[in-house]
Every structure is written in C-alpha cells, then in structure tokens.
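Reminder, nothing fancy here: chain letters follow the sequence lines and each chain counts from 1. These figures come from a predicted structure and were not determined experimentally.
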Amino acid sequence: TTEEQQNQQDYSISSIYSSFNEVYGYFDKSLKHNWAGPELWRIQRLKQKALQDAENRTNSSSALDAASTNDTATSIVSVDKKRRKEVDYTIDFSEPINEESLFAPASANLQLPKNHWRTLNRNLLPDDYHIDSKRLLRLFLKDNALINARSNSSTTSQPEADVDPS
Amino acid sequence: MSVSAVVSASQKSIASHRKLCNRLFLLKDENDFLPDLLGCLNALIRIKRGNPNAERVLRFIITFINYLQQKIPDYDLAQPILKHLLKGVDAKDKVVRYRCCQAIARVTNMLREIDDELYGTLRSKLLLRVRDKESTVRVEAAIALSRLQDQDETDENEVRDTLLFLLQSDPSVDVRRAVLLNVEVSNKTLPFILERARDVDPKNRRIVYAKVLPKIGDFRYLNIRKRIRILKWGLKDRDETVQLAAAQMLSTSWISNANNNLLELLERLDVVNNEEIAVLVLENFFKLRPEIFKDLQFEESFWKELTAESSILARVFNSICVQQNLTELNERIPDLVQLTFFLEQQYVRMRNETVYEEVCFVIQQLLHICNNMNLGDEIGRRKLLGCLSNSLTTLELPDQIVKLQIELMVKLCTSELDFCSLMMEVITDVYEQGHETPQQEQVEPNKSSPSELDTDSDARSSLSAAETQSPDVIPEVPAANAEEKLATQLNEKDIKAAFSELHCLTYIQFMFENITSDFNKNHFLPTILQSIIIPSVRSHDAPIREKGLKCLGLSCLLHRELAKENITLYLHCFTNGDTSLQLISIHVICDIILMFGPSIAEDHEQEISDMYLTALSDLENQELQANAAEAISKFLMIVHFHDDLFIKPLIIQYFEPNTFENQRLRQVLGYFFPVYAFGSYENQRRIGNVFCDTLLHLMEIYDSLDDDDRVLTPLNIAQQILDWIDFEKLYMLHDNLKLENQDLHLHIADNIIDALVELEDDESKDKKLLISLLGKLKIPRTLPSQSYAHTISKLETFEQHGILLDTSSSNMLNKFAEAMEYNKQIAQKNEEETVHVVSDTEEDTSMIDVKREP
DNA sequence: CTAGGGAAGCTACACATC
DNA sequence: GATGTGTAGCTTCCCTAG
C-alpha cells in the first residue's frame, strides 16, 4: 500500500502554489462579506487602481513614464475639482413663486408599486454558518484533522489527511 | 431689511442666525410677514436634496419659530407654516414632496399644540407619504411620522404599526435606518428593533448596538434568550464595525448594569447553556478593557469554590495568555498537579445531582485549561493521566467531557501506542462492567469481552470479519423510535449491556478521532475493531449500529484495504437506511476518498456518484442535501472526483429557488464556487464547459416559477457564473500565469451562439438574454486572430439560419460582430508585425469594451 | 495621523415616454 | 419597442473628527 500511496497523484489545488495557507487565507478574506448565498451576492468589480498597479509592475520599463503621467494627471484633476467645486448653491428668495405649479398635483400614482414592497426575508440576513476554508478542508469524521494538502514534491508515504497539530 | 432678505442672508452661515432671528422678530407684526415667510418657504422647497444652503435656511426657520415661542408664547407660527407645507406633500415634483416632509418633520417637533383637524390631515397625509415611490421622500415622511408617536401601547396603533412595517419591509436601507433611529422603544416595538441586528445593511446592524440598544438602559429588560441572541449576532457578525459596536455596548453599558462585575454579568448570561457565547463575551470584553484583564487574580479559594462563571473566566484568561504568549500572566494559573487536584474535587462534587450540570461545565473549563498548559512536568502529567482514565472508567460522563478528556490524554501520553494501551484498559473495564453476569458462560460469543480476545490478531483477520458484513447480513432498518422498542423488548441486563456498549463505542469514537497510526502497526486497533466495532455494526439496536458504523468509518481511515472493502457496506446503508444512516454513509465514503484518493473508489464509481447525486437533489431532506453538497465540494476542491459530472447539478442546486431555505447548502456552495473557480484555470474551464447548458436549464426553472420565487433573474445568475470564470480573478501566486484563460469568455461566446441556433422562435426572452450576455463578456484584444475568426464564422452561420430577432438584440449582435471583426484585424496586424518586433507589452492586458469600439 | 463619512463621477439597469 | 431619463450602487477622492 505504501507504493500506491506514493504513486497517488496530488490533486490538491495547492499543488500549483507554493503556499497553501496563503491561498486559503486569501479566499477566506475575500469571501468574508459574500457569504449569504446567491440572492445577496455582490459581484466584486476589480478595482481600477489595483489593475493599474499590476500593469505598472509588469511594465517596469515604462515606470518613469507612468510616474510623470500620473503627476500631470493628478494636477489636472485637482484643478478640475476646484473649478467644479465652485457650484453655486445660492437660493434666490426675491422672486415670488407660482404656487399653482409648485403644488401642482401629480397626475400619476405617487405610491411605490406593491411588488416593490416584497422583501427577501424581511431584509434580514440568513443564519450564518460561518463557512470557511477550514470547514471544507476538514474530514467529516475527524473534525480535528485538516486535509493536508501538500505540494507534490512530498516523498512521505503518509496518507493525505493528517491530524492537525493545533 | 425685508423678510426675504433676512431669510436669504441665513443661507450663508449658521453663525449669523442669532442676529437674523432678531431682525426677523422685528418684522413679525407687519401685514405681509406671514405671506412673505411662506413665500420664502416656497423658494426653499424647490431646492433639491444635498444643497447645504437649503439646510441652513430650514435650520434658521426652526430656530426662529423656537425663538418666537420663547418670546411670545401666544404667537403661533408653527401651525400656519405646517398648513402651508402640507399643500406640498402631494405635489408632482418629488423635490417639493421631499422638502415639505423634511420641513414638516422639523416643525412638528416644535409644535406645542395642534388642532384636531390639522393633526388628522397631517397624520393621514404622512401615512400616505411613507409609501411614496421616492425613497428620499419616504425617509423624511417616516421621520415626520415618528414625531406623531404616542405612548399608546394598544394592539392597534396605526402610526406605530406603519413605522414597524417600514422597518421590516421598506426596500431602502435609508428608510429602515430612519425608522430604526426614530421609533419609540417599547415592549411592542422591541422585537422589531432587535431583529434589525440582522439587517442586510451593516450600518443598520451597527446602529442597533451603538444607538438603539443603549437607549433601553438596563439589558435586563431583555430575557436571557434575547440577550444571548443579540450578543451572538453582534459578536459573530462578519462586519468588524458591528462586532466592535456590540463589544462596546457590552463593555460599557451592560457591564455597568451588572455593577461593573464580570461574574455578575456572566451570571446573567446563563453560561452553562451558552458556553460559546460566554467565551466570545469575555474575549471581546478583555479586548476593550485590557486593564481589567491584567488585574485578574485567582486566589487559592477561587479554585476551591469554582462556579460556572468563575471557571470560564479562568479558562478564557488562560487561553488569551496562551494565544498572546503572555507567559508571565499565565503563571497566575496553577500548575498541572494543582489543577489535577481541583479537577478531582469536581469529580467528587459531581455525585451531588443538584449541581451536576454546573460541575460538568466547570470540569470542561478545567480540561480546556489543562489542554493549554505546559505538559512538561512528568509528575503532573502522570497524575492528570491517572485522574482522567480513572474518571472515564468509573463515571458516566457527557460526551463533550469525554471528547475533551481523550484529546487531552493523547497529548499526555508519550506515544500513540501508550495512549491506545491506556484506552484499551479503560474500554475493557467499561465493557466488563456492562457484561457482568452471575453466569459468565451466558455471554454470547460475538460479544465476548475484548480482554479475552487474541490481541495479536492483525488487520487481516479483522478485515475478514468486515468482509462478512456483506449487505445481505445487515439487519433491516427498524422503526424510527428504536430506543423505545429497545427499552420494552430487552430486559434490564440487556439494557445494561447495551448501554455499556454504547459507552465503549463513544470512547472508541473519540479515541479513533485522535490517532493516525497505521492499523497494522498498532495491535490494539484490530482487537477493538473485531471485538467491539464489528459486532456493534451487526447490532439490532439502531443507536449502537449507528455508533458502530461511525467507528468502522474511523477505522477505515486508518486502513486502506479495510476502507476499500467497506465501501459497499456504506452504499448499502445509504440505499436502505434512514436519514441518520444515510448521513453516515455520505460522510464516511467522502472521508475515505479524500483520505486515499479517488482510486480507492474505482470499483464503485457509478454507485458512489449516484449516491451523492441522489442526496444532492433530495429537496425533501435538507440536511442530507447540504451534507452531499459539502461532500461534493470537498471532492472537487481537494481530489477532483468526477468534476465534470458534479459541477452542473451543483450549480443548479445553488441557484435553484427551492434550496433558499437550505442555507447551509447555499453557504457551503457560495464559498466553494469562487474558491474552486479562482483556484485554478482548469477548474474555470470546467465551469465554462457547462455554462450554457446549465444556464439554459436554470432559465427553464425560472420560467416555471411563480412571481414570488423570481428573486434571482437569469441575467443575475449568468453574471455570477461568468464572474467565476473571469480570468482576471484567477488567484495567481505568480504574475506570469495571469495569461491563463484569457480566451475563456470568447469560448463562452461561441457556446452562446451555438445555443442560439438551437432555441425555438417562441423563446425570444431567452434569446434576448443570451445575446445581451455577449456584450458583457470579457474578451481581450490580444488573442490570436484565428480565435476571433472562429467566432465570426460562427456568427455568420448563425445569421444564415435567419432567426427572427428584435431590433435591440440584433443591434447588440451586430455590435459584437463588429468588435470581433475589429479585434481580428488588429490581431492580424500585430501578427504580421511580430515577425519583426519580438513583443509588444503595451496592449497585453487591455480589454475591449464592446460598446465603445467603432 | 488615520479612519470613516461624504461628495463626485461612473455604470448598469429600470422605468417612462413617445 | 426605441429612446431618453433617473436612480442605485459602486469606486475614488477629499475632508474632518477622533
């Protein structure tokens, strides 16, 4: 049986990666606020900033370019902002206002239509089962044993699951 | 200065308001004073939301009304203004409605008296306005309506009930928040308020802890169940700010209502029945009040008079010390020898039945502490080990304690073999206690005491025993209330034996959970298997059989051959057993495959996958379904057992409205899918392969639904799945792998076009949806030109089919075709250039946006 | 000095209007 | 049913309060 175990392919996701904990730590973190099932799922858009950073890192040769364009960009933006900030909020109280039109009754229905009042579970979250990587990497029968997803370089003849020392 | 000039001046700053109040006061007796002021209001109520000047003017007017009331109590300005504003609450312009409601809310606050007629109009108009189609209007109307609350706690109170309705049902978080902050707290409203601690919006949840609950004052107005629930929700919330708010409420308001005494606070939380929450409470409390943590002292007398509260306090103190490496503070906890002594005292105390539950709780806390202690001291270790094994032999302990004790014993023993030998002794003793009979010869052969067995028997022999457990010898499943049957049918002696067997099996279960030895190298294991586990699997008593099957499963995890042999047994249990047996089968087979890899299942692949698929789609049995989903998730994540078979049904169950109530299933899968998909590009492709097929299936389900169940639209579902197979979201440790799966969405486009051809003319909704998806796909510009060409040729053959489309759909289709054509040309150009230039990094990661391309 | 709240800008979607 | 309008929800940026 030892030989068979040795020959067992390592199917674990982590075989692609060097660090197992890092991967699942990442998923635990990134899925922390998206746990309540498909109805309440929000698709997370990749942040434009992160994408740009990544691009800058890959194009290290054009780092200088990027820096200078960034500088000019920010200054332009700030000037723009200042200009736009001068929005005039002044209210004119001198002119009389025609009450007819001001209080003109609505032609259409002003009430929110009935089907909009239908809620999903009274706008409450479901019970939280706190699913995380530990939960899915655990054996059903041995809740203190994490499935030991080793990299395929391992030469030990131990089974895939191992009692977690913690 | 005219009225309008004064009001106009008030918009610039709040600082001037006092002076302007005086100015306006001087004008109060002029003929046109009121009309002028109302004219100003008219100007004000046209100003849209978010204008800071408007906020200042309104504030000024309120200040002035207040000022006037102080100076001349008889001068009633509030009511005329109110009357005027009421003209605008039904206006066509939503800004007018919004401002009027806002102003009404503020003015109503100032009202000293109001004539009945005006009140009636106000009330009925607001009751309508809180159902306005604009959420901004509803917010202000709700605030205004909350000013009309009275102390009336009768069953029928329209104002209160309307507010509570909004609190639960308004689709806008802001409206719910406004009500939450303004509804009067009373016996009638409290349950509705507490419920908001689980509002979908984290801010609303936080407000419950930070703003509303402190209003109640003493937490003892809540019964214990409510206290626990609110703490559990708050302290376990996914949002840190909510957790913090709950912890702050606990460590400021609640503790002061318990005389600033932690133990008193714990007494009010029924810790014996709420251990998990009590631990959380203490951990969070100490996080915010570290000074109290540092000052904790445990005198000699403390340990001699342990209570539920004091023991859990010590346990959490200890665990925090260990977690944070506070070795010095941890010295306040006695050493192992002393702890053993205190533990023994508790075992003695246990005989007093009136305190049994509390003592059990105290023992658990002591065991937790021992488990955290440095076990280096040889004398202490031996003493504790003796104490633990002795109590296991002589006492009937609850399962949680047994579990903790056995876990501790593993750590205390120098080797796993020592541990097994010790457990063997304990189990033998317990077994014999249950099978003592005046005439020993009456003991059935297969129930012989383990001590009499040949302890040298190896795994082979137990295996042969297991082999005899072919499905046909498994007794048929008895009626559900097996325990009752058991009690009536068996005589007292048998009952005693049965209970001791259960007792032993419990020990074996926890023992096996904690060992990893190779079955053949630890001679205790085959002995236990053959003498206790296997007979119990054959038992006619359901509880014994179940426990036996669990223990057999645990044995399988230690022995590959044994596992392989017994897969059929568990398959049989699934087909013929009740839910609890089915669950055991789901668990055991899953663990076996995870442990030894899919190859172990090669003789029964079909039956095993059938079993999991049957369980997964069993809408009548939520627990089974959830466990199957969890097991399959583990298969796909860890060992890739039949991914292509399971992935589609798994997606369908995830989105299927009928599993909405099965939150465990949904949350397991909600975690699983992103991890699976983003975990590797091969997984993403697997999902991609079934995308269209699955989506069409889900669209069919959607069409068959009642309106009430149509929460998730096909578009929404499609977007979620497409998100899983977004190559940019692949988790990559190395950036150079970022190039994987860039063409995945293009393949999806191909599949979508293929699917379009298959659709009938009467499925125009579906066609429309699929085409709209084409525009949402993430297709890079940098793919080889043949890829685009392939898609284009598919589009062309589709057009040849001459399928009827509405204009918007065909527009979208054209746009998509143009974009692909454009991409193809660019790619071709680049490919020609690449012959000369080696690389062009500039456009490597740029995406096309179908809408913007020419 | 940092985090949290608020405003601005953007996008996707729903609704209304013709 | 095509079209424009409006709103919700998101990100990003900025300010301010602790």
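Legend: residues meeting ring pair (Phe, Tyr, Trp, His ring centres under 6.0 Å) with B:His17, ordered by chain and number and at least two apart, are B:Phe60. Looking at residues two or more places apart in sequence or on another chain, you find a salt bridge (Lys or Arg N to Asp or Glu O under 4.0 Å) between B:Arg198 and B:Asp237. With sequence neighbours left out, B:Ser253 forms a side-chain hydrogen bond (donor to acceptor under 3.5 Å, both in side chains) with no residue at all. For B:Tyr209, the ring pair (Phe, Tyr, Trp, His ring centres under 6.0 Å) test picks out no residue, with sequence neighbours left out. Under the rule for a side-chain hydrogen bond (donor to acceptor under 3.5 Å, both in side chains), B:Ser146 has no partner lying at least two apart in sequence or in another chain. The ring pair (Phe, Tyr, Trp, His ring centres under 6.0 Å) search around B:Phe673 returns B:Tyr654, B:Trp724, not counting sequence neighbours. Partners of B:Phe285 according to the ring pair (Phe, Tyr, Trp, His ring centres under 6.0 Å) rule, which considers only residues two or more places apart in sequence or in another chain, do not exist here.
Distance B:Arg176 CZ to D:dA8 P: 13 Å, rounded to the nearest Å. Between the CD atom of A:Gln44 and the P atom of C:dT11 there is a distance of 20 Å, given to the nearest Å. The distance from atom CG of B:Asp806 to atom P of D:dG1 is 8 Å, rounded to the nearest whole Å. Between the NZ atom of B:Lys778 and the P atom of C:dA12 there is a distance of 12 Å, given to the nearest Å. Rounded to a whole Å, the CG atom of B:Asp201 is 10 Å from the P atom of D:dG9. In this structure, CG of A:Leu112 is placed 11 Å from P of C:dA16, rounded to the nearest angstrom. Atom-to-atom, CD1 of B:Ile771 to P of D:dG1 comes out at 15 Å; the value is rounded to the nearest Å. Distance A:Asn109 CG to C:dC15 P: 14 Å, rounded to the nearest Å.
Across the interface with DNA chain C, nearest-nucleotide mapping of A:Ala108 and A:Arg45 shows A:Arg45 to be the residue nearer the 5′ end.
With contacts defined as side-chain heavy-atom distances shorter than 4.5 Å, the pair B:Ile826/B:Thr782 does not qualify. By the 4.5 Å heavy-atom criterion applied to side chains, B:Leu231 and B:Met249 are counted as neighbours.
Applying the 4.0 Å criterion to OP1 and OP2 of D:dA8, one finds that A:His116 has every side-chain N and O outside that range.
B:Ser808 comes within 4.0 angstrom of the backbone, heavy atoms only, and of no base.
Residues from residues 711-721 of chain B lying near DNA chain C, meaning a heavy-atom separation below 4.0 Å, are B:Leu715, B:Gln719 in numerical order.
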Between the protein and nucleotides 3-5 of chain C, are there any N/O to N/O pairs under 3.5 Å, and if so, what are the atom names and distances?
{"from": "C:dG5", "atom 1": "OP1", "to": "B:Arg206", "atom 2": "NH2", "distance (Å)": "2.8"}

